[in-house]
> 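Provided herewith is a single structure, encoded as structure tokens, for subsequent inquiry.
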Amino acid sequence: MTPSEAAKRAKLPSLTGLRFFAALLVFFFHSSLTDSPIPPNAPINPFAHASIADGFSTAFSKAGYLGVSFFFVLSGFVLAWASRPGERVTAFLRRRLLKIFPNHVVVFTAAMVLFAGAAVTSVADWLPNLLLLHTWFPQASVNLSVNPPSWSLGSELLFYVLFPLLIVPIRKIGGAALWVWSGLMVAGMVAVQLISTYVVPDTPKSAITPISDMQFWFGYLLPLGRVFEFALGILLARVVLAGLWPRRVGFGAALVLTVLGYAAALVAPFQYGFVVATIVPVAALIGATAQADVDGRATFLRSRPMVWLGEVSFGFYLVQGVTIFYLRSLLGENTYSVPVALLVIAGFFAASLLGGWLLFRFVEMPAMRRFGRAGPRTRSVPDAVATAPYEGRGEGQGQDAAPVPAATGGRTG
């Protein structure tokens with residue numbers, strides 16, 4: 001069997017398990033915030049001791065950005081991995097919308113009841129969020145409205161619409177040109193931050209970041225700027241499928257590179273910590289993990305507990321706006337000793353994991369089973385559209401997973 005044939009037959013359980021760690025990074029980022037994205041922007045960080053609170057906040061200040069970037073690259077990777085010519089555009093989009101909208105609507109409703117509804121949020125603020133169009137608006141009251149973690153779904157929605165268009169030319173790229181185009185995607189990410197820094201107005205300042213609301217929107221939230229990560233994921237899948245992944249870049253080396261990239265993000269100018277400092281490590285981590293699965297190497301990431309955690313990671317990510325921000329609001333602005341603060345964070349984690357499982361078990365899976373099956377094939381788009389992997393099926397990662405035909409991040413992100 002050639003490397004390409006082996007890759008095409010491989011499932012990717014280790015990537016499923018890895019997804020949970022990306023969602024966990026977002027969890028610690030949210031738990032460490034000194035300014036909640038929900039007005040009145042009160043602190044989330046529960047530690048009373050100033051140096052410990054500052055250390056916790058600093059250590060995870062870029063974790064959310066890393067986790068979301070991972071989910072965006074992974075989204076392109078797994079869609080391209082499972083791509084098969086001849087799938088109808090409508091069938092593809094139906095499955096992708098079923099992946100995100102049922103969970104989104106449930107958490108949106110909960111957030112409206114607990115947060116936004118109580119504050120009498122205007123229709124102009126909440127309706128774009130419901131439709132996942134909110135991140136196209138530069139106003140902070142819109143793009144982070146209702147359930148702040150849902151901002152990433154606006155980018156995912158754009159990715160799904162663009163995938164049938166992007167996969168066609170990318171399929172025609174081969175050999176060293178795949179690496180050249182991957183480099184161009186990284187250059188595009190750098191360009192986004194250069195424009196954000198030097199062209200986008202730097203006032204008025206954001207309530208939750210050291211840059212302006214407009215810079216944060218353009219450099220981080222705007223879906224168009226995140227397409228480079230998604231396209232990079234598609235290109236990486238083509239690299240691995242073609243047997244071109246460098247064997248010297250294994251999981252261990254990629255993990256070390258990720259730690260170094262994160263350290264660079266901590267000291268880089270703020271905007272460059274969003275994506276630029278960590279994008280090469282993220283790409284290496286995804287490529288190396290996928291290659292390990294192709295080679296059939298045993299990793300702890302493909303164990304049943306890790307695959308289960310990966311399956312619920314989308315819900316785990318999405319409910320954090322409710323489980324962390326709302327539960328923290330019930331505690332007021334009180335801070336606590338180290339043991340009590342750790343218990344508070346553990347409570348946030350347990351509530352988020354339970355919420356993620358409930359969404360997966362009682363919303364996401366039933367929706368996919370009921371509405372995700374393809375109907376009679378009436379019209380195909382030759383060589384243009386591919387089946388999408390059902391990202392929450394563990395061993396079915398990268399395949400059409402029965403009984404459900406089918407990543408922030410999902411993330412997620």
> Distance-only, no hydrogens or angles: does the Ser303 side chain make a donor-acceptor pair with backbone N or O of Phe300 under 3.5 Å?
yes
> Do Asp35 and Pro43 have side-chain heavy atoms sitting under 4.5 Å apart?
no
> Take Ile44 and Phe325 through the side-chain contact (heavy atoms from CB on, under 4.5 Å) test and state the conclusion after the steps.
CA-CA 7 Å; Ile44 302 297; Phe325 302 151; 3.7 Å; yes
> What are the two closest non-hydrogen atoms of Met185 and Ala231, and how far apart are they?
SD-CB, 3.6 Å
> Quick check against the 3.5 Å criterion: does Asp202 have a side-chain atom that pairs as donor or acceptor with the backbone of Thr197?
no
> Does some side-chain heavy atom of Leu33 sit less than 4.5 Å from a side-chain heavy atom of Asn45?
no
> Does Phe316 reach the side chain of Val26, with side-chain heavy atoms less than 4.5 Å apart?
no
> Is the number of heavy atoms from other residues, nucleotides or ligands within 6.0 Å of CH2 (Trp181) greater than 12?
no
> Would you find a donor on one side and an acceptor on the other, under 3.5 Å apart, between the side chain of Gln193 and the backbone of Gly219?
yes
> Give the minimum heavy-atom separation between Trp151 and Asn143, together with the two atoms involved.
CB-O, 3.8 Å
> Would you check if there is a donor-acceptor pair between the side chains of Ser36 and Asn41 at a distance under 3.5 Å?
no
> Could you state the interatomic distance from CE (Met189) to OG1 (Thr278), rounded to the nearest 0.5 Å?
9.5 Å
> Heavy-atom distance under 4.5 Å between the side chains of Val275 and Val282, does that happen here?
no
> Can you measure from CZ (Arg19) to CG (Leu301) and round to the nearest 0.5 angstrom?
12.5 Å
> Which heavy atom of Leu232 sits nearest to which heavy atom of Ala283, and what is that distance?
CD2-CB, 4.2 Å
> When you measure from the side chain of Arg96 to the backbone N and O of Leu157, does any donor-acceptor pair fall under 3.5 Å?
no
> When rounded to the nearest 0.5 angstrom, what distance separates CG in Asn129 from CG in Leu144?
9.5 Å
> Check whether any side-chain heavy atom of Val107 lies under 4.5 Å from a side-chain heavy atom of Ser150, and answer yes or no.
no
> If you look at every heavy atom in Val240 and Gly287, which pair is closest and at what distance?
CG2-O, 4.2 Å
> Determine whether the aromatic ring centres of residues Phe27 and Phe348 are separated by less than 6.0 angstrom.
no
> Between Ser182 and Leu178 (side chain of the first, backbone of the second, donor and acceptor by atom type, cut-off under 3.5 Å), is there such a pair?
yes
> Between Ser329 (side chain) and Tyr326 (backbone), is there a donor-acceptor pair under 3.5 Å?
yes
> Do Gln215 and Ser196 meet the criterion of a side-chain donor-acceptor pair at a distance under 3.5 Å?
no
> Using side-chain contact (heavy atoms from CB on, under 4.5 Å), reason through Phe230 and Leu79 one step at a time and then give a plain yes or no.
CA-CA 10 Å; Phe230 179 69; Leu79 289 179; 3.8 Å; yes
> Examine His30 together with Phe60 and report whether their ring centres are nearer than 6.0 Å.
no
> Quick check: does any side chain N or O of Arg238 sit under 3.5 Å from a backbone N or O of Arg171, one acting as donor and the other as acceptor?
yes
> Please check if the side chain of Ser145 supplies one atom and the backbone of Asp125 the other of a donor-acceptor pair under 3.5 Å.
yes
> Would you check if Ile234 and Phe77 make a side-chain contact, meaning some heavy-atom pair closer than 4.5 Å?
no
> Set out, in order, the CA-CA distance, both residues' side-chain angles and the distance that settles side-chain contact (heavy atoms from CB on, under 4.5 Å) for Trp217 and Asp213, then state yes or no.
CA-CA 6 Å; Trp217 168 72; Asp213 280 331; over 6 Å; no
> Look at the rings of Phe274 and Tyr220 and say which category their plane angle falls in: under 30° parallel, 30 to 60° tilted, over 60° perpendicular.
tilted
> Mind checking whether Phe218 and Val192 have side chains closer than 4.5 Å, heavy atoms only?
yes
> Considering non-hydrogen atoms only, spot the tightest contact between Ala264 and Ala277 and give its length.
C-CB, 4.2 Å
> Classify the ring geometry of His104 against Phe101: parallel below 30°, tilted from 30° to 60°, perpendicular beyond 60°.
perpendicular
> Just checking Phe163 against Phe92, ring centres under 6.0 Å apart?
yes
> Side-chain contact, heavy-atom cut-off 4.5 Å: Glu364 with Leu359?
no
> Heavy-atom count around Arg297 CZ within 6.0 Å, excluding the residue itself: above 12?
yes
> Just checking Trp357 against Phe362, ring centres under 6.0 Å apart?
yes
> Once the angle between the rings of Trp179 and Trp245 is folded into 0 to 90°, is it parallel (under 30°), tilted (30 to 60°) or perpendicular (over 60°)?
tilted
> Would you find a donor on one side and an acceptor on the other, under 3.5 Å apart, between the side chain of Trp126 and the backbone of Val146?
no
> Please report the shortest heavy-atom distance between Phe29 and Ser61, naming the atom on each side.
CE1-O, 3.3 Å
> With ring centroids as reference points, do Phe72 and Phe228 lie under 6.0 angstrom apart?
no
> For Ser14 and Thr299, does a side-chain donor sit closer than 3.5 Å to a side-chain acceptor?
yes
> As a quick check of understanding, evaluate ring-ring contact (aromatic ring centres under 6.0 Å, His included) for Phe47 and Tyr336, giving each step before the final call.
CA-CA 5 Å; Phe47 290 97; Tyr336 306 93; 9.7 Å; no
> Does a donor on one side chain and an acceptor on the other come within less than 3.5 Å for Glu311 and Thr16?
no
> With no hydrogens and no angle check, do the side chains of Asp295 and Gln291 hold a donor and an acceptor under 3.5 Å apart?
yes
> Mind running side-chain contact (heavy atoms from CB on, under 4.5 Å) on Val363 and Val105 for me, showing each step along the way?
CA-CA 10 Å; Val363 179; Val105 170; over 6 Å; no
> Without swapping roles, check the side chain of Arg328 against the backbone of Gly332 for a donor-acceptor pair under 3.5 Å.
yes
> Rounded to the nearest 0.5 Å, how far does CG of Leu343 lie from OG of Ser337?
8.5 Å
> Rounded to the nearest 0.5 Å, what's the gap from CZ on Phe251 to OG1 on Thr258? Could you check?
8.0 Å
> Say you draw a straight line from CH2 of Trp81 to CG of Leu241; how long is it, rounded to the nearest 0.5 Å?
4.5 Å
> Could Asp293 and Lys11 be called an ion pair, given the rule that one side-chain N must be under 4.0 Å from one carboxylate O?
no
